[in-house]
Amino acid sequence: MNSLASAAAIGLVCAVTILVALRGGHRSRTTADVYVAARSVRPWFNASAIGGEYLSAASFLGVTGLIVLSGRDGLWYPVGYAAGFLMLLLFVAAPLRRSGAYALSDFALVRFRDERAAKALGYAVLGVGWLYMLPQMHGAALTVRTVTGAPGWVGPLIVTAVVIASVVPGGMRSITLVQAVQYWLKLAALAVPAAALIFGFATSRGPVAVELALPASTQPPLVTVSLLVALVFGTLGLPHVLVRFYTNPDGASARRTTVIVICLVCAFYLIPTALGFLAVASGAIGSTPDTTVLQLPTLLLDGPLSVALAALVAGGAFAAFISTSSGLCIALAGVIGRRFFGGTVDGFRRGALLAALVPGALALVTSSTALAGVIGSIFALTASTIAPVLLAGIWWRRCSGPGAVAGIVTGALVCGASLGAAALGAGAGTLWGGLLGQPALLSVPCAIAALVIASYRSPGPADADAILARLHTP
């Protein structure tokens, strides 16, 4: 009964997603429609869409899992995820919209007048985007296996098929409506079960018996700082979030969008955090930390109510995987379509197919056992490559194309080498090992240093003042 209800909920979410996408994208005919929704998305609607795509597998399943696994150390993830949008509001949102770009590689051309910088930023977007899509596929595999007992490969197959059906026909115009709807679906899919579970637990145990104490932090403070650097600066460079600011009518509406997003994201993160406390207090922990959210209804309740709540959570989880994967697919299709297929509507659609199929295929031969932890590493990579180039390009006149390339390459190499060394066990159990496993505090300064040195050794565009005036003048 439970498996059947959860499978039905997943099927309903997928069907509604495709129908909403077709409804939203029936007017997508021009390049501006498929790449940036004709730059006509208003702040509240765009904020809901950003919330829909940003709240991914790591948010829906991983935050609760990390609190169960790591105690107080896990609380830093929702803090960092939400705080990154404040940086976006202050430093990136409006100037990025005023650039008039369709994709991040276009921004590099506008700012640096350098084809090599555009290629480097485009390749960074592809690498980050595909790596970020993999945990969404792994989350889908975990969910399908946990709630229905079906083979794990069914999950990535479903997500890939739904993303292609949603993104390819209408592009940004179609997926905007999908993601806006899915934010509220995800919020309800966690908020309703959380309210029922907390109320049921409090009534059965009594308010005095509810002790929401978490294990003390065991992570060295410097590693926590490195994690927060990764999460905050990593948010600045997330390609699927940045591309949504191109859809606002102007820079002022991009700022208003970001303010609303901060409120929506903070409201959402209260819920998986509360579920993490509940799981620890009740001892109702799933078969793995990441499955705790999926299994809490059946662990704490009995009867038809537990079945209904479990199905609601499973449907919300799939909404998370699909909306984030769709946003990443849009961002990647923008880069692929603009760089390799002429920037046409047909080029976008070919790029979207490639963007969805590559991680879908990789998910069949890989696996992940810690969704939020894996995405924390991807945030470190983003913070080390895309974020420094965006910040320097927007705020530092002297930044040049060769400087941007040097920053991206250096950040990627240092971050990748650190994560590789940690995976091989280097420095295990020591502070050094912790920093290798969460390397933003090492890799971000190296990337910035390389960007600054190379920029001073090479000329920037002759019209840098005019470009920056365009980025910063309302």
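Model, not experiment: these values are computed from the prediction. All heavy atoms count here, side chains included; hydrogens, waters and symmetry mates do not.
No side-chain heavy atom of Val241 sits under 4.5 Å from any side-chain heavy atom of Thr235. Counting heavy atoms from C-beta outward, Ile394 and His472 have side chains that approach closer than 4.5 Å. Using a 4.5 Å cut-off on side-chain heavy atoms (C-beta onward), Val167 and Phe348 make contact. Between Leu436 and Leu419, the closest side-chain pair of non-hydrogen atoms is not below 4.5 Å. Between Val92 and Thr258 the shortest side-chain heavy-atom distance does not fall below 4.5 Å. Side-chain contact between Arg255 and Pro43: absent, with no pair of heavy atoms (C-beta onward) separated by less than 4.5 Å. Residues Leu187 and Leu264 fail the side-chain proximity criterion, which asks for heavy atoms closer than 4.5 Å. Taking the side chain as every heavy atom from C-beta outward, Val128 and Pro239 approach each other to under 4.5 Å.
The number of heavy atoms from other shown groups lying within 6.0 Å of CZ (Arg116) does not exceed 12. The number of heavy atoms from other shown groups lying within 6.0 Å of CH2 (Trp153) does not exceed 12.
Rounding to the nearest 0.5 angstrom, the gap separating the CD1 atom in Ile378 from the CG atom in Leu381 is 8.0 Å. For the atom pair OG1 (Thr291) and CG (Leu61), the distance works out to 8.5 Å, reported to the nearest 0.5 Å. In this structure, the separation between CG on Leu270 and CG on Leu190 is 11.5 Å, given to the nearest 0.5 Å. Distance check: Ser48 OG to Gln182 CD gives 12.0 Å after rounding to the nearest 0.5 Å. Within the model, atoms CD1 of Ile158 and CZ of Phe318 stand 4.5 Å from one another, a figure rounded to the nearest 0.5 Å. Leu126 contributes atom CG, which lies 10.5 Å from atom CG of Leu131 (distance to the nearest 0.5 angstrom).
Residue Gly327 comes nearest to Glu53 through the heavy atom pair CA-OE1, 3.2 Å, listed as atom of the first residue, atom of the second, then distance. Between Gly155 and Val144 the shortest heavy-atom distance is CA-CG2, 3.8 Å. Counting all heavy atoms, side chain and backbone alike, Leu238 lies closest to Thr382 at N-CG2, 3.8 Å. Taking every heavy atom of both residues into account, Ser56 and Tyr132 meet most closely at OG-OH, 3.7 Å. The two atoms that bring Thr385 and Val389 nearest to each other are O-CG2, 3.5 Å, heavy atoms only. Closest non-hydrogen pair, Pro388 versus Ala447, comes out as CG-CB, 4.4 Å.
Judged by distance alone, the side chains of Arg244 and Thr176 do bring a donor and an acceptor atom under 3.5 Å apart. Ser458 and Ser400 form a side-chain donor-acceptor contact under 3.5 Å, judged by distance and modelled atom types alone. Under the 3.5 Å distance criterion, with hydrogens and angles disregarded, no donor-acceptor pair is assigned to the side chains of Ser226 and Gln438.
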Practice problem: Could you go through the side chain to side chain contact (heavy atoms under 4.5 Å, CB included) check for Leu451 and Cys399 one step at a time? | Solution: CA-CA 8 Å; Leu451 183 150; Cys399 186; 3.9 Å; yes
Quiz prompt | From CA spacing to verdict: side chain to side chain contact (heavy atoms under 4.5 Å, CB included), Asn46, Arg256 | solution = CA-CA 10 Å; Asn46 207 21; Arg256 287 195 294 273; over 6 Å; no
Exercise. Could you give me the CA-CA distance, side-chain angles and deciding distance for Leu390 and Phe233, then say whether side chain to side chain contact (heavy atoms under 4.5 Å, CB included) is met?
Key: CA-CA 11 Å; Leu390 274 181; Phe233 285 91; over 6 Å; no
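Among residue pairs with one or both ends in residues 313-330, those qualifying as side chain to side chain donor-acceptor pair (under 3.5 Å) are Lys186-Ser323; sequence neighbours excluded. Listed by first then second residue, pairs satisfying salt bridge (Lys or Arg N to Asp or Glu O under 4.0 Å) with a partner in residues 456-468 read Arg113-Asp463, Arg397-Asp465, not counting sequence neighbours.
Arg338 forms no cation-pi arrangement with Tyr102, by the criterion of a distance under 6.0 Å to the ring centre and an angle within 45° of the ring axis.
Here the two rings, on Tyr183 and Trp44, have centers that are 6.0 Å apart or farther. Aromatic rings from Phe379 and Tyr81 are positioned such that their centres are separated by under 6.0 Å.
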Atom pairs and distances, donor-acceptor, side-chain atoms in residues 339-346, under 3.5 Å, two or more places apart:
| unit_1 | atom_1 | unit_2 | atom_2 | d |
| --- | --- | --- | --- | --- |
| Arg339 | NH1 | Glu115 | OE2 | 3.3 |
| Arg339 | NH2 | Glu115 | OE2 | 2.2 |
| Thr344 | OG1 | Gly347 | N | 2.9 |

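Just one of Leu185, Ile322, Val181 meets the side-chain contact (heavy atoms from CB on, under 4.5 Å) condition when paired with Thr17; it is Ile322.
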